[in-house]
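Comments concern the structure below.
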Number of protein chains: 2
Amino acid sequence: MDGSDSERTSVTRRAVERIKEMISSGEVGPGQRLPTERDLSARLGVSRSSMREAIRSLTTLGVLEARHGAGVYVTALRPADLLETFSVLAEVSGGETLLEVLQVRRIIEPAATALAAARATDADLERIGALLDRIDGDPATAADTVTADLGFHQAIVAGTGNATLAAVNDGLSSRTFNARVWAGHREAGFTDALREDHRRIHEALLARDPEAARAAATVHVMRVERWLTAELATRETRDR
Amino acid sequence: MDGSDSERTSVTRRAVERIKEMISSGEVGPGQRLPTERDLSARLGVSRSSMREAIRSLTTLGVLEARHGAGVYVTALRPADLLETFSVLAEVSGGETLLEVLQVRRIIEPAATALAAARATDADLERIGALLDRIDGDPATAADTVTADLGFHQAIVAGTGNATLAAVNDGLSSRTFNARVWAGHREAGFTDALREDHRRIHEALLARDPEAARAAATVHVMRVERWLTAELATRETRDR
DNA sequence: AGCCTCTCAGTGGTCTGACCACTTTTGCAC
DNA sequence: GTGCAAAAGTGGTCAGACCACTGAGAGGCT
């Protein structure tokens with residue numbers, strides 16, 4: 001049994017740990033259903049309230065999924081399930097943190113794009129090309145462009161075949177930020193530069209040229225980075 | 001934007017949104033204290049149980065912090081506060097995902113180490129050196145070595161001055177996984193290789209040589225990666 | 001007065017039991 | 001067999017009570 005020293009750990013935290021153990025030990029696998037809340041609470045000797053808070057915690061983390069009337073299930077545990085956190089980060093953080101986020105993307109995206117140039121399947125490349133057309137085309141709304149842009153980068157990172165890498169990068173990409181980038185460039189008439197970046201990346205991928213892909217991706221992220229720096233500077237000046 | 005139709009949204013989810021609004025609108029700022037649970041539940045017209053689940057959710061995400069007997073506080077909202085998620089990923093996921101995580105670290109750590117070689121302050125380097133001594137020294141317990149090892153890499157990434165980068169990388173580093181690595185290498189008598197990797201990284205940092213630092217970090221991560229691959233293979237063979 | 005201890009009100013943590021909303025299964029009528 | 005309605009099961013919510021802990025003020029000691 002567990003240690004007789006119950007220490008200072010809260011009941012709920014212990015319940016969380018026990019459920020995590022059940023998962024990591026393989027007692028319940030991805031997609032499988034957990035015992036009922038009432039059952040679990042009785043088995044672990046805690047009240048249903050505490051058990052529910054434990055489940056809520058794991059649900060928030062994307063480990064569990066509760067279906068009203070049907071039961072609590074373990075998610076597929078794919079890294080993509082755990083992206084909520086960083087989206088919250090993007091929601092609350094200001095300009096300073098956004099710059100840091102871009103610097104992280106300047107590390108990840110070039111490497112990912114280079115990997116994709118080597119690993120992506122032909123189907124991946126086709127999908128990426130289609131998204132590029134949606135960016136370059138004559139979209140009805142600006143929202144379309146943003147969606148296609150996000151999908152473009154997402155598809156590239158997914159083309160590495162590494163779902164964890166894709167999840168991390170997705171978490172660092174905020175839709176609202178992306179929209180700001182496009183709006184800012186449109187205002188200044190610089191959208192062609194963004195489109196050229198994308199075309200350059202796409203060509204490198206088609207050519208299966210990792211180094212060219214890396215360079216193209218780096219140029220692209222740095223352009224956005226420089227834009228944000230200028231944006232923050234003018235905002236600073238205006239607000240003071 | 002998101003539907004304001006409150007139709008089928010759960011009570012708890014609405015409570016979460018309301019609290020997030022309170023934060024993003026500046027009604028309560030980082031470090032400040034929220035109204036009491038009883039107060040909040042009355043104000044939003046939900047039961048205290050549901051309010052507690054909402055708070056639990058935001059606590060899990062690292063947005064709120066509950067202090068027993070003292071109140072619920074908004075965290076500093078630093079990126080580091082929101083690292084729990086990925087550590088859970090590393091805890092719960094199987095071998096396949098662990099490999100993916102290591103591939104991500106092989107992208108991030110070399111770049112971060114190179115950056116640290118250029119940017120880290122002398123105080124940073126001193127701290128890193130001290131941690132290296134704790135790894136190389138004659139530690140009382142294996143846990144000490146693991147702690148020092150984690151701290152070593154953590155300090156390096158922190159030396160880039162990018163807190164977001166540090167938070168991401170920390171989230172990809174699991175203590176339990178690190179312990180497995182050391183245990184595995186100790187069993188095979190390969191701990192010297194790990195120690196040499198660390199020394200090589202440290203020397204590159206002291207020499208302010210980004211490229212050497214990048215190479216040293218790459219070698220290190222790849223060593224762990226190769227070990228894990230072998231480990232998974234033998235495990236596979238044994239279990240079948 | 002100044003300092004220390006100790007009580008106590010306030011707050012988060014846990015428990016219980018009830019009822020509601022939804023899903024899935026059961027079983028009856030056709 | 002088919003279709004549908006009832007019922008059983010499950011997560012979601014609510015209410016009220018008590019426990020564990022914190023912080024501050026009351027009271028006593030030096």
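In what follows, chains are A, B, ... by sequence order, proteins preceding strands, each numbered from 1.
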State plainly whether the residues A/E17 and A/K20 are in salt-bridge range, i.e. N to O under 4.0 Å.
yes
Min side-chain heavy-atom separation [X]-[Y] under 4.5 Å:
{"X": "B/E231", "Y": "B/R180", "value": "yes"}
{"X": "A/F152", "Y": "A/I135", "value": "yes"}
{"X": "A/V224", "Y": "A/L228", "value": "no"}
{"X": "A/T75", "Y": "A/P30", "value": "no"}
{"X": "A/L99", "Y": "B/N162", "value": "no"}

Measure all distances between protein nitrogen or oxygen atoms and nitrogen or oxygen atoms of nucleotides 23-26 of chain C, and list the pairs falling under 3.5 Å.
none

Between the base of C/dT14 and the side chain of A/T12, is one N or O donor paired with an acceptor at under 3.5 angstrom?
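For A/T12, whose side chain was compared with the base of C/dT14, there is no donor-acceptor pair (under 3.5 Å).
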Would you say the base of C/dG13 and the side-chain of A/R13 have a donor-acceptor pair closer than 3.5 Å?
no
What do you reckon, is CD of B/Q32 surrounded by more than 12 foreign heavy atoms closer than 6.0 Å?
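Yes, the 6.0 Å shell around CD holds more than 12 heavy atoms from other groups.
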Within the 4.0 Å heavy-atom criterion, would you say A/S50 contacts the bases, only the backbone, or no part of the nucleic acid?
sugar-phosphate
Protein-nucleotide distance ([X], atom [atom1]; [N], atom [atom2]), rounded to Å:
{"X": "A/R52", "N": "D/dC14", "atom1": "CZ", "atom2": "P", "answer": "11 Å"}
{"X": "A/R56", "N": "D/dG11", "atom1": "CZ", "atom2": "P", "answer": "13 Å"}
{"X": "B/L58", "N": "C/dG12", "atom1": "CG", "atom2": "C1'", "answer": "16 Å"}
{"X": "B/R14", "N": "D/dC14", "atom1": "CZ", "atom2": "C1'", "answer": "14 Å"}
{"X": "B/E65", "N": "C/dG13", "atom1": "CD", "atom2": "C1'", "answer": "16 Å"}

When you measure from the side chain of B/E109 to the backbone of B/A217, do you find a donor-acceptor pair of N or O atoms at a distance under 3.5 Å?
no
Let me know, please, whether B/R48 or A/R48 comes out on the 5' side of the other along DNA chain C by nearest nucleotide.
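Residue closer to the 5' terminus by nearest nucleotide: B/R48.
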Would you jot down, in residue-number order, the residues of residues 27-47 of chain B having a non-hydrogen atom under 4.0 Å from DNA chain D?
B/R38, B/V46, B/S47
Consider the side chain of B/V11, meaning its heavy atoms from C-beta on, and name the nucleotide among D/dC14, D/dG11, C/dC15 that approaches it most closely.
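For B/V11, the side-chain atoms sit closest to D/dC14.
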side-chain hydrogen bond (donor to acceptor under 3.5 Å, both in side chains) between B/D170 and B/H153, intermediate numbers included:
CA-CA 9 Å; B/D170 285 1; B/H153 289 95; over 6 Å; no
